[in-house]
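Worksheet for the structure shown next.
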Amino acid sequence: MEANTRGTGRLPAAFLTPGSSSFLDFLAEHKPELVPGRRGLPEGAVVEAPHGTTIVAAVFAGGVVIAGDRRATMGNVIAQRDIEKVFPADEYSAVGIAGTAGLAVEMVRLFQLELEHYEKIEGATLSLEGKANRLTSMIRGNLGMAMQGLAVVPMFAGYDLDLGRGRIFSYDVTGGRSEERGFAATGSGSVFARGSMKKLYRDDLTAEQASTLVIQALYDAADDDSATGGPDLARKIFPIVSLITEDGFRRLTEPEVSEIAVSITDQRLAHPNGPQAPLL
């Protein structure tokens, strides 16, 4: 006879049985309604939800930097001016989100739990490649919502302890994954951000130079894309910038980011189009 656990505070036996090292698979089996991609919208429903916009990343000599602007839009309206779009996935990796903000943040939280669950079950951490593959599965699981207009397109970056260098992975709404070389951008302002980085990027950047590069790119994206927010000096709202090196994940402090952002803004007063790359 099955034990009655109702009211005892104990979990059912199924929850205590060792199984897959994937938290997402466990959740899909026991509580499928909590998996974002399993939820559906009524036929013909149109949902207006805040969308995060531009994420950029760049590899430097000691690791990788990933950054995001702070604006969320809903149609032609600014829904939020200080949204956070860059999160640590674990000690050596981070995720930047573009797309439907609510679903994206929920996906990041599940991804964090996925990596933590694997480490606890297996007693070891996933390789950076393995982490990127796990995120692929989560994005693919959200395809149904993406087809209804609620897409999530993250960017994943981290320090590969085996290779001793930073790496960047970008995705499409179907979960298609590609590794980017040097730098990358996603979101509505990505075309302008990528163009900016293409002219300024070098292989020998320091961490400080790479941080300056991504903020320059976000400034250029905001200059041409209304959905991307640039540094807001009046409200003291600045991009989120995070470094990942062999020492782990570190988010730059507000004074560190503001110093770079104010310096860039001051220079733009004289040169609105930003730094100029040599013709040859």
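If you read the sequence from its start, that first residue is 1, and numbering goes on from there.
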Applying the 4.5 Å side-chain criterion to the ILVMFWY set and letting contacts propagate, would [X] and [Y] be lumped into a single cluster?
X	Y	result
Val64	Leu205	yes
Val86	Val152	no
Val56	Ile237	no
Ile66	Val153	no
Tyr159	Val241	yes

Minimum heavy-atom distance [X]-[Y], with the two atoms named:
X	Y	value
Ala67	Val214	CB-CG2, 3.8 Å
Ile168	Gly182	CD1-O, 4.0 Å
Thr186	Ala98	CG2-CB, 4.3 Å
Met155	Ala57	SD-CB, 3.6 Å
Ala132	Arg177	CB-NH1, 3.6 Å
Thr228	Ser188	OG1-OG, 4.0 Å

Any Lys/Arg nitrogen of [X] or [Y] sitting under 4.0 Å from an Asp/Glu carboxylate oxygen of the other?
X	Y	answer
Glu129	Arg134	no
Arg202	Asp204	yes
Arg165	Asp160	no
Glu114	Arg109	no
Lys131	Asp90	yes
Arg250	Glu91	no

Which pairs pass salt bridge (Lys or Arg N to Asp or Glu O under 4.0 Å) with one or both residues in residues 209-229, sequence neighbours excluded? Asp220-Arg268

Assess the side chains of [X] and [Y]: does a donor N or O sit below 3.5 Å from an acceptor N or O?
X	Y	answer
Ser127	Asp162	no
Gln209	Thr212	no
Ser170	Glu180	yes
Lys85	Thr54	no

Do [X] and [Y] make a side-chain contact, defined as non-hydrogen atoms from C-beta onward lying under 4.5 Å apart?
X	Y	answer
Gln80	Asp82	yes
Arg81	Arg70	no
Arg167	Leu128	yes
Ile139	Val173	no
Ile215	Val257	yes
Ser242	Val65	no
Phe87	Ile240	no
Pro231	Tyr219	yes

Does atom CD (Glu259) have a neighbourhood of more than 12 heavy atoms from anything else shown, all under 6.0 Å? no

Around atom CG of Asn76, are there more than 12 heavy atoms of other residues, nucleotides or ligands at under 6.0 Å? no

Nearest 0.5 Å, what's the [atom1]-[atom2] distance between [X] and [Y]?
X	Y	atom1	atom2	value
His271	Ile264	NE2	CD1	14.0 Å
Ser211	Leu243	OG	CG	4.5 Å
Leu200	Gln276	CG	CD	10.5 Å
Phe192	Arg194	CZ	CZ	13.0 Å
Tyr92	Glu246	OH	CD	8.0 Å
Phe60	Thr206	CZ	OG1	8.0 Å

Please check: side-chain N/O of [X] versus main-chain N/O of [Y], any donor-acceptor pairing under 3.5 Å?
X	Y	value
Asp172	Gly176	yes
Glu256	Thr253	yes
Thr53	Ala227	yes
Asp69	Gly229	yes
Ser263	Ile260	no
Gln216	Gly274	no

Working for side-chain contact (heavy atoms from CB on, under 4.5 Å), residues Met138 and Leu110: CA-CA 9 Å; Met138 298 185 73; Leu110 280 174; 3.3 Å; yes

Would Leu135 and Tyr171 count as a side-chain contact (heavy atoms from CB on, under 4.5 Å) here? Give the steps. CA-CA 9 Å; Leu135 188 54; Tyr171 300 83; 3.8 Å; yes

I'd like to know whether the aromatic ring centres of Phe111 and Phe156 sit less than 6.0 Å apart in this structure. yes

If we check side-chain contact (heavy atoms from CB on, under 4.5 Å) with Tyr118, which of these qualifies: Leu113, Leu126, Thr125? Leu126

Starting from the C-alpha separation in whole Å, work towards a yes-or-no answer on side-chain contact (heavy atoms from CB on, under 4.5 Å) for Leu213 and Tyr201. CA-CA 7 Å; Leu213 170 73; Tyr201 181 79; 3.7 Å; yes

With side-chain contact (heavy atoms from CB on, under 4.5 Å) as the criterion, how do Val77 and Thr73 come out once you've worked through the C-alpha distance, each side chain's angles and the decisive distance to 0.1 Å? CA-CA 6 Å; Val77 176; Thr73 60; over 6 Å; no

